[in-house]
Amino acid sequence: MTRILAFSDLHASRRRTEALIAAGAEADLILGAGDFCNMRQGLAEALAPFAPLAEKLIAVPGNAESAEELRDAAPPGTTVLHGEATRRAGLTIFGLGYAVPITPFGAWSCDLSEKDAETLLAGVETADILLLHSPPHGVGDRTSQGQSVGSTALRAAIERVQPRLAFCGHVHDSWGVSGPIGATMVHNLGPAPTWFEL
């Protein structure tokens with residue numbers, strides 16, 4: 001049994017980071033679903049506390065940091081995924097970061113169109129976990145106004161691949177919301193330590 005600690009959307013919160021670091025000692029794997037900093041600023045400082053746990057950390061970029069920025073800033077030993085998979089502790093984890101679909105936030109936001117996300121997801125045939133930044137359409141994707149803003153490309157990939165778990169964040173109003181897509185349980189994580197066993 002693999003103990004997984006998962007989270008999203010730290011946004012450089014020192015208090016929330018400290019809680020995750022404290023919990024991380026008990027984890028076999030630590031999965032971060034993006035947005036470690038704010039608007040592309042302070043990423044290295046936000047990630048530095050994870051250095052002692054870097055060998056356990058698998059992360060995707062959010063829309064607050066690019067994949068290149070995350071790879072450059074992450075402590076040595078961190079696995080960064082964006083359109084690729086890794087195998088750890090007997091589990092296949094495929095990661096795709098960024099906001100999908102494109103946000104109205106402007107030039108700082110790292111976004112993907114549904115078409116570009118579909119292209120990056122096309123090669124995924126099997127996975128135990130999909131580690132995403134954005135939620136799929138219809139699960140964990142409702143704003144405070146009740147709008148469903150999740151990705152149709154991500155939902156289609158979950159329906160096709162049927163991983164055991166899909167992790168996401170991005171839509172803060174839906175932190176802590178979970179729901180099924182077929183046999184897959186989707187979790188919009190948020191920054192609190194959240195535990196899973198596979």
Side-chain angles (χ1 to χ4, degrees), residues 6-14 16-17 20 30-50 54 57-76 78-86 93-124 127 129-137 139-144 147-158 166-175 177 186-191:
F7 67 93
S8 70
D9 302 284
L10 274 182
H11 291 291
S13 167
R14 184 171 294 173
R16 287 170 165 164
T17 299
L20 284 164
I30 303 170
L31 304 185
D35 276 5
F36 297 93
C37 65
N38 293 300
M39 298 174 70
R40 319 276 287 269
Q41 302 297 311
L43 182 57
E45 294 83 354
L47 289 167
F50 287 94
L57 180 60
I58 300 171
V60 297
N63 62 300
E65 62 269 330
S66 72
E68 294 76 18
E69 289 162 352
L70 185 57
R71 287 190 175 103
D72 288 346
T78 304
T79 300
V80 175
L81 301 176
H82 184 55
E84 62 223 304
T86 189
I93 302 159
F94 180 91
L96 183 68
Y98 293 6
V100 189
I102 292 170
T103 70
F105 301 149
W108 65 264
S109 186
C110 296
D111 301 346
L112 286 174
S113 68
E114 295 283 11
K115 185 172 175 46
D116 287 342
E118 193 176 313
T119 299
L120 287 166
L121 291 159
V124 190
I129 299 171
L130 287 185
L131 180 60
L132 312 166
H133 179 59
S134 287
H137 184 75
V139 180
D141 70 333
R142 291 209 175 272
T143 68
S144 58
Q147 286 180 286
S148 182
V149 295
S151 163
T152 55
L154 294 176
R155 185 181 181 98
I158 292 169
F167 296 142
C168 60
H170 185 52
V171 180
H172 294 196
D173 297 315
S174 286
W175 284 348
V177 173
V186 179
H187 301 272
N188 184 324
L189 296 164

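These values consider heavy atoms only, across backbone and side chains, with no hydrogens, waters or symmetry-generated copies. Sequential numbering from 1 along the given sequence is applied to the chain's residues.
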Once rounded to the nearest 0.5 Å, what's the spacing between atom [atom1] of [X] and atom [atom2] of [Y]?
X: S8; Y: H172; atom1: OG; atom2: NE2; answer: 7.0 Å
X: H187; Y: F167; atom1: NE2; atom2: CZ; answer: 6.0 Å
X: E69; Y: Q41; atom1: CD; atom2: CD; answer: 9.0 Å
X: L70; Y: C37; atom1: CG; atom2: SG; answer: 9.0 Å
X: D35; Y: L10; atom1: CG; atom2: CG; answer: 9.5 Å
X: D72; Y: L47; atom1: CG; atom2: CG; answer: 11.0 Å

>> Going by side chain to side chain contact (heavy atoms under 4.5 Å, CB included), E114 matches just one of L154, T119, T152, I102. Which one?
In response: T152
Mind listing the closest non-hydrogen atom pair of [X] and [Y] along with its distance?
X: S113; Y: V100; answer: O-CG1, 4.1 Å
X: P49; Y: A46; answer: CD-O, 3.5 Å
X: I58; Y: L81; answer: CG2-CD1, 3.7 Å
X: P135; Y: D141; answer: CG-CB, 3.6 Å
X: A157; Y: L121; answer: CB-CD1, 3.9 Å
X: L120; Y: F94; answer: O-CZ, 3.6 Å

>> With no hydrogens and no angle check, just 3.5 Å: does a side-chain donor-acceptor pair link S109 and N63?
In response: yes
Is there side-chain contact between [X] and [Y], with heavy atoms separated by less than 4.5 Å?
X: C168; Y: V186; value: yes
X: S148; Y: R142; value: yes
X: S66; Y: R40; value: yes
X: H82; Y: L96; value: yes
X: T103; Y: H170; value: yes
X: Y98; Y: D111; value: no

>> Angle between ring planes, F50 versus F36, binned at 30° and 60°: parallel, tilted or perpendicular?
In response: perpendicular
